[in-house]
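The next block holds one structure in the form of structure tokens; read it before the comments.
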Protein chains: 2
Amino acid sequence: MADVLDDRKKRVLQAVIDDYITSAEPVGSRTLARKYNLGVSPATIRNEMADLEMLGYLEQIHTSSGRIPSSKGYRFYVNGLIPPTPVSDAERARIDAWYRERVRRIEEVFQETARLISQVTRNVSLVLAPQMTQAAFRCLQFLPLDDQRVIAVLMTDAGFVENKIIPMPPGAEFEDFQRMARVINRNLAGHTLQSIQRHSMTEIRDEIDDESLYEAALGIINRALDESRTERLYLGGTTEMLEQPEFHDVEKVRDTLLILEKEELVKDILHAHMGEGLEVTIGQENQDSHFKDTSLITATYHLDGQLLGTIAVLGPTRMQYAKAMSLLEFMNTNLTRIIHRLSR
Amino acid sequence: MADVLDDRKKRVLQAVIDDYITSAEPVGSRTLARKYNLGVSPATIRNEMADLEMLGYLEQIHTSSGRIPSSKGYRFYVNGLIPPTPVSDAERARIDAWYRERVRRIEEVFQETARLISQVTRNVSLVLAPQMTQAAFRCLQFLPLDDQRVIAVLMTDAGFVENKIIPMPPGAEFEDFQRMARVINRNLAGHTLQSIQRHSMTEIRDEIDDESLYEAALGIINRALDESRTERLYLGGTTEMLEQPEFHDVEKVRDTLLILEKEELVKDILHAHMGEGLEVTIGQENQDSHFKDTSLITATYHLDGQLLGTIAVLGPTRMQYAKAMSLLEFMNTNLTRIIHRLSR
DNA sequence: AGTTAGCACTCACCGGTTAGGAGTGCTAAC
DNA sequence: GTTAGCACTCCTAACCGGTGAGTGCTAACT
């Protein structure tokens, strides 16, 4: 593998990619010579570009059109050529303001994060809220609503609260609910929601005499479990997407949106990329055939070392990688901070 | 005003609209004669169409293209010509199944209703969830979370529950919160959220000695008030929209989506149409210039005679009015039922 | 009088052709 | 190794004539 590009080839490749990312047009030797002072003539650049194409870093739609970067080209760019683009102070301020202004409750964080990312990157963003299965059961309490109903409130360690209105079984007293709460709390406290399965529940069943009471408690716990099992996916920026010339064709837009609507599919894809920190998947590298000409940048974030979720940007392979990557990296740490602030 | 169309003119107008609604193509005299047995020759129909154009019910893009209905034409159609299209049993079943399968909690009703409407009508749907200002305060309760935090739970009559985690002020005991809850509940029970203003709150303030305790209680009540004041808007079917030939141009799609993203604007428009039952606004009739070639069908629904919200369909003027109208009418009554079922 | 057939006319919508331009690869000179 | 020159490719936009759907008008028919 002669994958060691000499310095000038790197400079040319970088110039091609930088230019194509902003212009979305195939870029030719003349343009490069004019806009980027590479110190050589168009003819020389042509030779270099021919070499780069031979090596697979560039592609040509047809003879006599400029070159565009291939997936391999972008890959090389992302791995080494990418210019450092820290999130500017202005942008940090904007992000802070955004959260301060819009996010009141923990549930809103994810949707707003999605909006924010798509606004800044002008691309579709995906936010996978953390699964709660690792969260610990803290306690279950009942509150009297009226003579026929009680409200069950379930809390987890991470500060998430779930509530449900339960009709009181005939003949039952509020006292009964409180007794049951004590039994349940004694048995389940500290367990992760995941580990609370039929197993622990049957033990509790034995302790509770009234069948319908037990059913009611089971209801809320199952609901909390459901909630914890189904991680939520938030999308943003489907409008931003339309600004990209790649999506000037309605067919493409529709295809992409239809995919994005298949929540399970999208979740699976994001799961596949869940790992340490930032991951960039470029065009061809995508397993899913629908994403062969889009790139996906994912970043996994942690909450209290256990819960984890993913934030991502999806866009055409011609994407502002530098900007998107640094933004995700920044949001990654930021998100943890925001959530902590809110759950206090 | 010679707006009294003779019977044949009505039949021709209806045929033109019916055909255009399904085909999206300007419709000519020959087509009409072939597909709808009007009992006359194309030439006669041509004369009738010329008359209808003169009267403003039809329009022509250019000489020698068929005619398309004008706003006035649609208006006449909606007011009198529209064929009765009750929601079919199959569709009712589908709707029922949809709710049963997807809606677990009251908060989900609105989003799912939006999805459902857009699925059936293949157009954008809008659902304005009811304002809670008319809901009555029922009670506020506190639950211990740990030694530093309590959970405040606020309930309203309609069965909506709001919760917030509150850090315990230093030196305060859980007992203090319970005492405060009693004071608050005594003072506010039965009041509508709207009527709970600084007025009633100052009275409470006098009864509560600890400043920071009072602040905490104020926090949750204000939050509930905020929640009740900001009605939520749910959108559905932005993907469906793309299927309509009217939106085969990305520019149009983007324009429309950008408008729809301006939540306040959309809410205002919906408010303007809040009234009794079904309202249809066609193309030109829309105040907002952005909607000059779209139609909006709105339906106001009531909850317990007080809370009210709106469900709506937004689409090109060429829209299946009959279907959309009957669907909204059906959903209108259905929604009330579903919400009642859930809040029990 | 109302209806219909016939006909000339309009105009969007093709398929094919052409001119222009951007860009390349190659060759030969520097 | 670099560059100027040049022939070549191929996309794009504009032009053009034929086709067809549809109209309006007129004259004939019932």
Side-chain angles (χ1 to χ4, degrees), chain A residues 2 5-13 15-17 19-20 22-70 73 245-246 248-249, chain B residues 2 4-13 15-20 22-70 73 245-246 248-249:
Chain A
L5 300 184
D6 67 50
D7 205 55
R8 196 171 65 191
K9 280 197 175 50
K10 284 186 190 168
R11 296 224 322 274
V12 171
L13 180 56
V16 171
I17 296 183
D19 198 75
Y20 185 64
T22 59
S23 74
E25 304 268 305
V27 26
S29 54
R30 176 188 287 268
T31 322
L32 285 187
R34 224 185 311 113
K35 297 213 294 195
Y36 306 81
N37 50 350
L38 298 167
V40 286
S41 77
T44 309
I45 296 177
R46 273 206 290 285
N47 290 332
E48 295 287 36
M49 286 170 87
D51 290 353
L52 285 168
E53 183 176 1
M54 207 83 74
L55 292 169
Y57 295 98
L58 294 180
E59 282 170 359
Q60 220 172 1
I61 307 294
H62 57 265
T63 4
S64 92
S65 84
R67 258 82 169 201
I68 62 173
S70 67
E246 275 83 353
H248 269 9
D249 177 21
Chain B
V4 189
L5 301 184
D6 68 49
D7 205 54
R8 195 171 64 190
K9 280 198 174 48
K10 284 185 191 169
R11 297 226 319 276
V12 171
L13 180 55
V16 171
I17 295 182
D18 282 345
D19 199 74
Y20 184 64
T22 59
S23 74
E25 304 269 304
V27 28
S29 56
R30 176 190 286 270
T31 322
L32 285 186
R34 224 186 307 114
K35 298 214 295 197
Y36 306 80
N37 49 351
L38 298 167
V40 287
S41 76
T44 311
I45 296 177
R46 272 205 289 285
N47 290 332
E48 294 289 35
M49 286 170 85
D51 291 353
L52 284 169
E53 182 175 358
M54 207 82 74
L55 293 169
Y57 295 97
L58 295 181
E59 283 170 0
Q60 220 172 1
I61 306 295
H62 56 267
T63 4
S64 90
S65 84
R67 289 341 199 260
I68 62 174
S70 67
E246 277 82 352
H248 269 10
D249 175 22

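Chain identifiers are assigned alphabetically (A, B, ...) following the order of the sequence lines, protein sequences preceding nucleic acid strands; residue numbering begins at 1 within each chain.
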Taking atom [atom2] of [N] as reference, at what distance in whole Å does atom [atom1] of [X] sit?
| X | N | atom1 | atom2 | result |
| --- | --- | --- | --- | --- |
| B:Arg8 | C:dG2 | CZ | P | 10 Å |
| B:Asp51 | C:dG2 | CG | C1' | 12 Å |
| B:Leu38 | C:dT3 | CG | P | 12 Å |

- Minimum-distance pair of heavy atoms, taken over all atoms of B:Arg11 and B:Leu38: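 Smallest heavy-atom distance, with atoms named: NH2-O, 3.3 Å.
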- Task: Could you pull out the closest heavy-atom pair between B:Leu52 and B:Leu13, with the gap in Å?
- Result: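 Nearest pair, atom of B:Leu52 first, then B:Leu13: CD1-N, 4.0 Å.
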- Query: Is the count of non-hydrogen atoms from other residues, nucleotides or ligands lying under 6.0 Å from B:Asp6 atom CG greater than 12?
  - Reply: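 Count over threshold, so yes.
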- Determine which bases of DNA chain C form Watson-Crick or G-U wobble pairs with both distances under 3.5 Å, and write the result as a 5' to 3' dot-bracket string with | for other-strand partners. ||||||||||||||||||||||||||||||
- If you measure from CD1 on B:Ile68 to CD on B:Glu25, what distance do you get to the nearest 0.5 Å?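 Output value for this atom pair is 11.0 Å.
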- Sort out for me which residue in A:Glu48, A:Arg46, A:Arg34 forms a side-chain contact (heavy atoms from CB on, under 4.5 Å) with A:Ser29.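 Of the listed options, the one satisfying the test is A:Arg46.
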- Message: Does B:Asp18 form a side-chain hydrogen bond (donor to acceptor under 3.5 Å, both in side chains) with B:Tyr36? I'd like the steps, not just the answer.
- Response: CA-CA 10 Å; B:Asp18 282 345; B:Tyr36 306 80; 5.8 Å; no
- Query: Are side-chain N/O atoms of A:Tyr57 and A:Asp51 paired as donor and acceptor at under 3.5 Å?
  - Reply: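 No, no side-chain donor-acceptor contact under 3.5 Å.
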- Message: B:Thr63: which residues meet the side-chain contact (heavy atoms from CB on, under 4.5 Å) condition with it, sequence neighbours left out?
- Response: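 For B:Thr63 there are no side-chain contact (heavy atoms from CB on, under 4.5 Å) partners, ignoring immediate neighbours.
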- Query: Could you write nucleotides 6-25 of chain D as a row of B, S and -, 5' to 3', where a protein heavy atom under 4.0 Å of any base atom gives B, of only sugar-phosphate atoms gives S, and otherwise -?
  - Reply: ---BBS----------BBB-
